[in-house]
**Q** 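Encoded as structure tokens, here's the structure I'll be asking about.
For the single chain, residues carry numbers from 1 onward in sequence order.
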Amino acid sequence: KRESSLKYQTRCISCFPNKSGYVLSSIEGRVAVEYLDTSPEAHKKKYAFKCHRIKDSGIENIYPVNAISFHKKYNTFATGGSDGFVNIWDGYNKKRLCQFHRYPTSIASLSFAADGSVLAIASSYMYEDEEIPADLPEDAIYIRYVSDQETKPK
């Protein structure tokens, strides 16, 4: 049993393809990178970072991170949030590699194809607002062909 390093509700978890650890996300716009090795050296490598946040008129809006998917070849990963953005991350080098255009509503789920050339993205309103918007976008599936430039560590 492991304790989450995130303070708020866990929304998603996914293991590194090389089985070295896992990434988990929460409703407070954070992602944690943790390792299976329990040695003190490995413990020092784990970290968490803020993401899926948008500043508007000096106010930071924080969005849940709903989905995580790993690129099997490069051990990089994508996150999708209720802000409607998909980001690709290099967890080992602690860097965002790219951010895709904003989708019409929340990213509910996403998944890389086994060879890493395609990212399937589900955009669906997840009822995170107190009042349901009047002009609610339709649920949609997007298929994105990704390049090495977007997914390969630099």
Side-chain angles (χ1 to χ4, degrees), residues 2-124 126 128 140-154:
R2 300 270 179 126
E3 291 291 322
S4 172
S5 59
L6 301 176
K7 294 178 185 174
Y8 297 94
Q9 180 189 52
T10 299
R11 189 53 69 92
C12 190
I13 188 167
S14 188
C15 290
F16 275 96
N18 66 8
K19 303 176 191 138
S20 65
Y22 56 93
V23 174
L24 65 155
S25 68
S26 77
I27 60 167
E28 59 137 354
R30 282 185 185 271
V31 168
V33 177
E34 306 212 0
Y35 296 92
L36 300 180
D37 183 351
T38 57
S39 70
E41 297 81 34
H43 188 75
K44 290 177 188 173
K45 292 193 310 185
K46 77 179 197 172
Y47 66 96
F49 61 94
K50 297 176 183 178
C51 56
H52 296 280
R53 294 163 183 242
I54 299 173
K55 283 192 179 177
D56 184 26
S57 303
I59 297 171
E60 185 175 57
N61 295 303
I62 301 169
Y63 297 90
V65 183
N66 302 318
I68 302 167
S69 182
F70 272 94
H71 189 285
K72 309 274 186 284
K73 182 176 177 183
Y74 298 131
N75 283 304
T76 54
F77 59 92
T79 60
S82 287
D83 57 353
F85 284 104
V86 172
N87 296 302
I88 308 290
W89 305 93
D90 177 353
Y92 291 113
N93 293 309
K94 302 180 182 179
K95 292 184 178 181
R96 182 170 66 185
L97 299 174
C98 72
Q99 182 177 68
F100 298 162
H101 68 85
R102 193 172 194 180
Y103 290 88
T105 190
S106 302
I107 304 305
S109 184
L110 46 78
S111 182
F112 275 108
D115 70 357
S117 65
V118 174
L119 182 64
I121 302 163
S123 177
S124 179
M126 297 184 66
E128 48 281 269
I141 304 296
Y142 298 91
I143 304 301
R144 170 129 184 171
Y145 292 87
V146 294
S147 66
D148 282 355
Q149 188 175 9
E150 295 169 316
T151 58
K152 187 177 181 179
K154 296 186 174 35

**Q** If we ignore hydrogens and angles and just use 3.5 Å, is the side chain of S69 paired with the main-chain N or O of F112 as donor and acceptor?
**A**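 Answer holds: yes.
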**Q** Applying side-chain contact (heavy atoms from CB on, under 4.5 Å), run through F100 and I88 and close with a yes or a no.
**A** CA-CA 8 Å; F100 298 162; I88 308 290; 4.1 Å; yes
**Q** Going by the ring-ring contact (aromatic ring centres under 6.0 Å, His included) test, name the single residue among Y47, F49, F16 that passes it with W89.
**A**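 The residue from Y47, F49, F16 that satisfies ring-ring contact (aromatic ring centres under 6.0 Å, His included) with W89 turns out to be F49.
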**Q** Quick one: closest heavy-atom pair of L6 and A48, and the distance?
**A**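 In terms of heavy atoms, the two residues are closest at CD2-CB, 4.2 Å.
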**Q** Keeping H71 on the side-chain end and G116 on the backbone end, is there a donor-acceptor pair under 3.5 Å?
**A** yes
**Q** Less than 4.5 Å apart, side chain to side chain, heavy atoms only: is that true for R11 and N66?
**A**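 Contact flag for R11/N66 side chains = yes.
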**Q** Is it true that, when you exclude K95 itself, more than 12 heavy atoms of the residues, nucleotides or ligands shown sit nearer than 6.0 Å to its NZ?
**A**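 No.
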**Q** Any side-chain heavy atom of L36 sitting closer than 4.5 Å to one from R2?
**A**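 Yes, close enough: below the 4.5 Å cut-off.
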**Q** Assign the ring pair H101 / Y103 to parallel, tilted or perpendicular, where the plane angle (0 to 90°) is split at 30° and 60°.
**A** tilted
**Q** Return the minimal non-hydrogen interatomic distance between I68 and C12, and the atom names on each side.
**A** N-SG, 3.5 Å
**Q** Can you name the one residue among D90, D148, T151 that meets side-chain hydrogen bond (donor to acceptor under 3.5 Å, both in side chains) with Y74?
**A** D148
**Q** With a 4.5 Å limit on heavy-atom distance, are the side chains of E28 and R53 in contact?
**A**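 Yes, their side chains come closer than 4.5 Å.
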**Q** Between NZ of K154 and OG1 of T76, what distance do you get to the nearest 0.5 Å?
**A**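 These two atoms lie 9.5 Å from each other.
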**Q** Look only at the side chain of R30 and the backbone of L24, and say whether a donor-acceptor pair between them is shorter than 3.5 Å.
**A** no
**Q** Restricting to non-hydrogen atoms, name the atom on S123 and the atom on P104 that form the minimum distance, rounded to 0.1 Å.
**A** OG-CD, 3.9 Å
**Q** Evaluate the side-chain proximity of N18 to F70: yes if any heavy-atom separation is below 4.5 Å, no if none is.
**A**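 No. Closest side-chain heavy atoms not under 4.5 Å.
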